[in-house]
Structures are given as C-alpha cells and as structure tokens.
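A short worksheet on the structure shown next.
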Amino acid sequence: MSFNSTLRFDISRRTLSNLTSIATLAVTSTFILTGFAAQAHTPELGDFQQKPILADLGMLKALNVPISYADSANNLAIAYITPQMEQKISEAAHRLNKCGGFESLEGTLSPSASFASDSKSIIQNLVDYKRKNQQYAQTRVRRLAIEPKPAIEAALADLKIENLQAWVQWLSSFPSRFNRLADPNKHIAPMVDRLNQMIAAGKIPAKVDLIDHQNTKQKSIRVTVQGTSRAQEVVVLGGHLDSIAGWSGSDKAPGADDNASGSANLLEALRVVLNQPRPARTLEFYWYAGEESGLLGSAEIAKAAKAAKKNVVAVLQLDMTLFPGEGEFNIGSMTDFTSAWLRDYLVAMNDTYLKIKILEGECGYGCSDHASWFRNGYPTVMPFEARLNTMNSNIHTSNDVLSNRLNFKHSLVFSKIALIMAMDLANSNITQPFH
Ligand code: BES
Ligand code: ZN
C-alpha cells in the first residue's frame, strides 16, 4: 500500500486513510464512472460545515456522495461529507480491502474563491508525487551514497546533549504555547532574543524574522542563513513550536516531547551551523505556529513559497524526538507525505554518519507540517522518535513533561540529521529526481 515502506506503522488509532491508499483505490476500484464531471456540485455554505475529503471518484459516485470537485482523468474527487457519509465510505472501502478510503482535507481546503483551483492543485500534487515516486522506484541506482567528510564528523561531535536539555526545559516551562491563548506569543519574544544572542555568538551572518499569519494570531519564527554560490536553492529545516492539551486546548500544555523536542533539535543544530562556513544553498530554519490547530502556520508559509515559485529543494520536519518507543537509536521514518529520494538520503546519511536503525512506516494522514510543504509540491522527509504504535502516549496532555522515560541521547540523533542536511545536502547539488 505504501510506496517503499518495509514496515508499516499501526494506524488503528486513526480513522482516516492516506494518499497512497486512495491512489491504490483509484487504480483498482471496480466502480464504473458515468461521464465527465469537472465540477459536479458547487460547494455551498452548508457544505463547508462538513468535512472536506479527497477520495476515489468512482466510489463516491457509487455511494451517491455529492461531489464538489471531480478529476475523472485521475479518478479522484473532493467532497464535503457528513459523519454518516464518512461511515458509508469507510464501510465501502473495507469491502474493497482498503483502509479508510479517503484523506481528510480539514485545515487544508478552506471555503474561498479559490476553491476550484485549490482542489485542482491538491489533486495535481498527488498525481505528480505518485509519478515521481514511481519513476524514482524504477531507476536502477536507487540508493544515494554520501561520502564521509571530516568537517561534518567534527561538527556532529560538537552537538551537545546539555543544550538540548536546557532548551526543552525552558520551552516546556511556559504554561502553554497553544495558538489560541489570549496571548499566544508569550514565548516568541524571548525565543527571538535568544536566537539573536546565538547569532551574535556565531561566525556567519543569519537573520531572524517573525512571520504573521492570517489564520492565527500566533507568529512563526524563521532564521535564514543565506547561501553562497546557490543562494536561490533553499533547504528548509523545521518543526512546530506550539503545544496543546485538553479538550479546549487550553489546559496546561508543556509539550516537552510534542514539540519542544524537535524545536530544541533545530536550535542546537543551528548553533553548530553558525560556527561553520556558510553553505552553498540557503538554509531556512522554521519554528511554526498553530500546527496543533491544523498545520496553520506551515500551510500559509508553504503556500506563499509556492506562489513565489521559491526553489525549496528539501524540507525536514522534526516533530517528537525524545521518546525511544522502539528502543534507543531506533527511529521511525514516515513514508506518507514524504519523498522517496529524501527518505533514501536519510538512509544514506545513516550508513555514513548515524549508524542507527531506521524503521519506515506511515502516519496515516497529514500529521505534521511536512504535509503542508508536500501538498504544495515540495520534497519532504520526517524522521520520528519511534513507530506510531510505540510513540509517546502523553502527548496533548499536561503530562507531556520531562521525565526519565525521555532520552536525550536518542533525541540528539535528530539534531545530527538536521546538521547533516545543513552541511552535506546544502553543499551538494542533489535534488528531487524527475521534476
Ligand atoms: N506531533 C503530532 C503529530 C504526530 C502524531 C506525528 C503521531 C507523528 C506521529 C502533531 O503535533 C499533531 O498532533 N498533529 C495533529 C494533526 C494536525 C493536522 C492537527 C494530530 O495528529 O492529530
Ligand atoms: Zn506535534
């Protein structure tokens, strides 16, 4: 069901399926199409109170689900569904031996004048991704190889566990970093101060920007390290800085693992990057706003990047890195909403530098900010603390705090991944094959 996965995560706690299962469904569905429908059902106001989904066109038609956007060439459609329809679709998909049978587009597709063009590009991206991955899978030389470089070895040895610990402690000491608090930016200003101190202590120039959003009052933070010879090519290294807990989201939300951990990995990687020579490609570090409320910050950032035709060559997402559910130094690598060549690049960096164990598996839905970039056509990779069924179960509660079950040696691997992308990928000319 997934493209290159060797092991699948247990997605039983998730109700929704993923893009790859939809694509499979599209290929194998036995439903018969009844003619072309470019836009069979114009969405009305009421529709938008329902859940937007992407699913197999033939299946939706057979189930009489009103279709808001249809692409008959690819047998895919977008519909706004009620819980009852959701039930019907899940049952039909199960009869076909598929998972949920659809992907939720909640938080992705909003009621707007650009509904039709947004729908078209969501489907186009999926189809393009499938084509690129298939072409990639057919190439003979599938594994990338990374030459070991002493400068990178030395930089990796400079990453410090104590710094990670200090960052996670500091971030998780805010009562909450939830994006819908009365003041959702309490932690942002002091973080910017600390970033500026870090930059002042470094050897190369970098700048900090605060990014305002339309869909949340919370701001995202970006640090840019301008590249030398190929500055227009950008490597993005990111994770979400916000946290959530409780039904209303506003309980005490320390978010130590989710996601002070990934945020800290990026901060410590940045410190070391700032003591290295400038890379050829530009680096953009992001600490995204409002991920827990539906990938809000990254959705706007990735959409703007696409509109500006920004040449983002790779996106790393770090979200939850502290809980070694599969054992120390056994990490996950998500195969959905990520790119096969970047997952191979992760394997190659493991062979050369990390020497740990990587277990491939699925999140099952657009579970973090990499999905925002992926939906806008950019290549992504998402290494993860464990597998889905062995991950930290305290997330989204007030118990997501530092404890002896969290492992900073394990987490340091993820700073290494960010640093290798900053020093190797950002100094290479490797890109997504098959544009
Ligand atoms: N860190 C979690 C997502 C996660 C869960 C990643 C399991 C990998 C494995 C993230 O912050 C989160 O909670 N995401 C939301 C989805 C989002 C669209 C609101 C979720 O999983 O419910
Ligand atoms: Zn998270």
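Numbering of ligands and ligand atoms starts at 1, following listing order.
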Atoms of ligand 1, numbered as shown, that sit under 4.0 Å from any heavy atom of Gly366: 18 (C)
Proximity of Glu292 to ligand 1 by residue part, where a heavy atom lies under 4.0 Å: both
For Asp319, the ligand 1 atoms whose distance to one of its heavy atoms is below 4.0 Å: 1 (N), 2 (C), 3 (C), 10 (C), 11 (O)
Per-atom contacts, ligand 1 versus Met320 - under 4.0 Å to a heavy atom: 1 (N)
Polar proximity ligand 1 side, Ser293 side, N/O cut 3.5 Å exclusive: no
Residue-atom pairs from the protein, N, O or S only, that lie under 2.8 Å from the Zn ion (ligand 2): His240 NE2, Asp258 OD1, Asp319 OD1, Asp319 OD2
Which atom of Val272 lies closest to which atom of Ala155, heavy atoms considered: CG1-O, 3.6 Å
Ser368 heavy atom under 4.0 Å from ligand 1: no
Aromatic ring pairing Phe115/Tyr80, orientation class (parallel under 30°, perpendicular over 60°, tilted between): tilted
Heavy-atom gap Asn259 to ligand 1 smaller than 4.0 Å: no
Heavy-atom pair of closest approach, residues Phe178 and Pro184: O-CB, 3.7 Å
For the student: nearest non-hydrogen atoms of Leu402 and Ala256, plus distance: N-CB, 3.9 Å
Test salt bridge (Lys or Arg N to Asp or Glu O under 4.0 Å) applied to Lys409 - qualifying residues, sequence neighbours left out: Glu328
Presence of salt bridge, Asp118 and Lys120, under 4.0 angstrom: no
For ligand 1, the portion of Glu291 having any non-hydrogen atom under 4.0 Å away: both
Cation-pi geometry met for Arg194 and Trp170 (6.0 Å, 45°): yes
Enumerated ligand 1 atoms positioned under 4.0 Å from heavy atoms of Cys363: 8 (C), 9 (C)
Ligand-residue contact atoms, ligand 1 with Leu388, heavy atoms, under 4.0 Å: 7 (C), 9 (C)
Geometric N/O contact Met391 with ligand 1, under 3.5 angstrom: no
Passing option when Lys207 is tested against Ile199, Thr224, Val223 for side chain to side chain contact (heavy atoms under 4.5 Å, CB included): Thr224
Phe384: numbered ligand 1 atoms lying under 4.0 Å from its heavy atoms: 6 (C), 8 (C), 9 (C)
For Gly294, the ligand 1 atoms whose distance to one of its heavy atoms is below 4.0 Å: 19 (C)
Over all atoms of both residues, closest heavy-atom pair of Phe329 and Ile356: O-CB, 3.2 Å
Contacts of Lys219 that satisfy salt bridge (Lys or Arg N to Asp or Glu O under 4.0 Å) - sequence neighbours left out: Asp212
Atoms in ligand 1 with a heavy atom of Met334 nearer than 4.0 Å: 8 (C), 9 (C)
Non-hydrogen atoms of His410 and Gly327 that approach each other most closely: CE1-O, 3.7 Å
Which donor-acceptor pairs under 3.5 Å do the side chains of residues 303-313 make with protein atoms, sequence neighbours left out?
residue: Lys310; atom: NZ; partner: Glu284; partner atom: OE1; Å: 3.3
residue: Lys310; atom: NZ; partner: Glu284; partner atom: OE2; Å: 2.9

Evaluation steps, side chain to side chain donor-acceptor pair (under 3.5 Å), between Ser333 and Arg343: CA-CA 7 Å; Ser333 170; Arg343 297 198 301 269; 5.2 Å; no
